[in-house]
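Worksheet: the structure to be examined is printed underneath.
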Amino acid sequence: MNDRRSVIDIITRLQGRAQEGSKSDRQLARMVLDDLDFASKASISEMAARIGVSEPTVTRFCRSLGLDGTRDFKFWIAQALAVGGQYLAANPAPAEAEMSRIPQLVAEGAAEAVQRAAGAVDMALVQTVAERLTAATQVLALGSGGTSSMMATEMQNRLYRLGIAAIAQVDGQLQRMFAATATKGTVVMAFSTSGYAQSVVDAVAVAGQYGATTIAVTAPGSALAEAATHVIEYQPAEDGNLYKPTSSRFALLALVDIIAMAVAEHRGTRVLETLRRVKQSINTFKVDDPKLPLGD
């Protein structure tokens, strides 16, 4: 299947046809949208009979959507259900009067995610990771997508203030280019919730061939896990609330902080002068309040 066909969004095409197609097209589109499961399994005769049109009309309808025929049509419907079915059958949003529960839901989700991640972390592995990061001549932090790219940037943010030369890259092409400059003193710290962000997997493989130590925070058994030297395993567990942002962000942030604290303690008092300088610099140009977080 070529790249252009692989991005077909059959649901959007059906929604458009339900609004602007011929009478039979509108009927067919609405019938399919109302019962996607039926459309993914029904024969051409069953679909035709449901709304009282001929079988050739159903075939023409499928082809008018840019597909090869009914078999192709059913394939894309089944894929749409598998990938995004939960969003198509979601419960309506709660009434505005119930919005008072949002802070508790978000806070509970964050706390549970953090506790789950902290309880599962392998501290012997984290200690090894801290040793590699401390000894690195440079650290390349990688992430792609909303959450993982934020973690890469935050890893850079945590390490540079500990006196470690770290840079984050979230652009796919630059990830591969920076990886190509890796040496035996380089440590690559890669984040991917799925473990299949291709540019990140590629960059880890490239850096590894030049002798870099590669560390991944990712799903066990994933492509990224297979490519990395060390793997801190992480799999999100969501609560199914489609309206609430993913709590895995908080869990991954906790893992970043666990790693950063292990690095700081491994480096010992050497980090204090760097931290003092950061605090001095920030407080010179901002509110002079020693109680504020360090540069945050």
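Just so you know, these numbers use all the heavy atoms, side chains as well, and skip hydrogens, waters and symmetry mates.
- With respect to the salt-bridge test (charged N to carboxylate O, under 4.0 angstrom), the residues R30 and D34 do not qualify.
- Ion pairing between a basic and an acidic side chain is recognised when a charged N comes within 4.0 Å of a carboxylate O; R50 and E46 show no such pairing.
- In this structure, the side chain of T218 engages the main chain of S192 through a donor-acceptor pair within 3.5 Å.
- Within 6.0 Å of CD in Q209 there are more than 12 heavy atoms belonging to other residues, nucleotides or ligands.
- In this structure the side chain of R63 reaches within 4.5 angstrom of the side chain of T59, judged on heavy atoms.
- A pairwise comparison of heavy atoms in F73 and L67 identifies CA-CD1, 3.5 Å as the closest pair.
- In terms of hydrophobic clustering, with Ile, Leu, Val, Met, Phe, Trp and Tyr side chains grouped at heavy-atom distances under 4.5 Å, Y160 and V139 are assigned to different clusters.
- Using modelled atom types, no side-chain atom of S199 and backbone atom of G172 make a donor-acceptor pair closer than 3.5 Å.
- Residue K244 places its NZ atom among more than 12 non-hydrogen atoms of other residues, nucleotides or ligands, all under 6.0 Å distant.
- Both I164 and L272 are assigned to one and the same hydrophobic cluster, defined by single-linkage of ILVMFWY side chains at heavy-atom distances under 4.5 Å.
- Cluster membership for I258 and L125, using ILVMFWY side-chain heavy atoms within less than 4.5 angstrom, is shared.
- The CZ atom of R267 sits 10.5 Å away from atom CG of L133, with the distance rounded to the nearest 0.5 Å.
- Of the residues listed (V231, V256, L255, L224), the one engaging V217 in a side-chain contact (heavy atoms from CB on, under 4.5 Å) is L255, and it is the only one.
- Within the 3.5 Å criterion, the main-chain N or O of N157 finds a donor-acceptor partner in the side chain of R161.
- Residues R158 and V263 are not in side-chain contact: their nearest non-hydrogen atoms beyond the backbone lie 4.5 Å or more apart.
- Under the 4.5 Å side-chain criterion, counting only non-hydrogen atoms from C-beta, M47 is not in contact with F61.
- Of the possible polar contacts, one joining the Q175 side chain to the Q169 backbone as a donor-acceptor pair under 3.5 Å is found.
- Here the closest non-hydrogen pair linking M155 and A141 is CB-CB, 4.1 Å.
- G143 approaches A152 most closely through the heavy-atom pair N-CB, 3.6 Å.
- T134 places a side-chain heavy atom less than 4.5 Å from the side chain of R270.
- Looking at V204 and V201, their side chains never come closer than 4.5 Å, going by heavy atoms from C-beta outward.
- Hydrophobic clustering of Ile, Leu, Val, Met, Phe, Trp and Tyr side chains at less than 4.5 Å, counting indirect connections, keeps L14 apart from V83.
- Around the CZ atom of R26, the shell of radius 6.0 Å holds more than 12 heavy atoms that belong to other residues, nucleotides or ligands.
- For the residue pair R17 and S64, a side-chain donor N or O sits within less than 3.5 Å of a side-chain acceptor on the partner.
- Looking at T57 and R60, their side chains do bring a donor and an acceptor atom within 3.5 Å of each other.
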- Item | Stepwise side-chain contact (heavy atoms from CB on, under 4.5 Å) test for I167 and Q138 | CA-CA 8 Å; I167 186 169; Q138 64 171 343; 5.6 Å; no

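- To the nearest 0.5 Å, atom CG of residue N241 and atom OG1 of residue T246 are 11.0 Å apart.
- R13 places a side-chain N or O within donor-acceptor distance of the main-chain N or O of L65, the cut-off being under 3.5 Å.
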- Query: After noting the C-alpha distance and the side-chain angles of F191 and V170, does the key distance pass the side-chain contact (heavy atoms from CB on, under 4.5 Å) rule?
  - Reply: CA-CA 10 Å; F191 296 87; V170 299; over 6 Å; no

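- Between the CG atom of D9 and the CD atom of Q15 there is a distance of 7.5 Å, given to the nearest 0.5 Å.
- Counting non-hydrogen atoms of other residues, nucleotides and ligands closer than 6.0 Å to CZ of R101 gives a total above 12.
- Counted within 6.0 Å of CE on M123, heavy atoms from surrounding residues, nucleotides or ligands total more than 12; the atom is thus considered enclosed.
- Placement of F75 and L33 within a single hydrophobic cluster is found when ILVMFWY residues are connected by side-chain heavy-atom separations under 4.5 Å, directly or transitively.
- No donor-acceptor distance shorter than 3.5 angstrom exists from the side chain of E55 to the backbone of A49, with no hydrogens or angles considered.
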- Using the side-chain contact (heavy atoms from CB on, under 4.5 Å) rule, take I259 and M189 through it: C-alpha gap first, then chi angles, then the decisive distance, then the call. CA-CA 11 Å; I259 294 167; M189 191 81 205; 3.5 Å; yes

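- When all heavy atoms of I77 and S40 are compared, the closest pair comes out as CG2-CB, 3.7 Å.
- Side-chain contact between P236 and T193 is present, with heavy atoms from C-beta onward closer than 4.5 Å.
- Within a 6.0 Å sphere centred on CD of Q19, other residues, nucleotides and ligands contribute 12 heavy atoms or fewer.
- Summarising the geometry, atom CD belonging to Q79 is positioned 9.0 Å from atom CD1 belonging to I8; distances are rounded to the nearest 0.5 Å.
- Panel note: side chain T274, backbone L162; no donor-acceptor pair is recorded below 3.5 Å.
- Contact record, R176 with V206: O-CG1, 4.3 Å, taken as the closest heavy-atom pair.
- The shortest non-hydrogen separation linking A219 to S194 is CB-O, 3.8 Å.
- Within the 4.5 Å cutoff, the side chain of L36 has heavy atoms near those of the I11 side chain.
- The structure places CD1 of I51 at 5.0 Å from CE of M31, a figure rounded to the nearest 0.5 Å.
- Although no hydrogens or angles enter the test, the distance criterion places a donor-acceptor pair under 3.5 Å between the side chain of R116 and the main chain of A237.
- Atom CD of Q156 sits about 10.0 Å away from atom CG of L140, to the nearest 0.5 Å.
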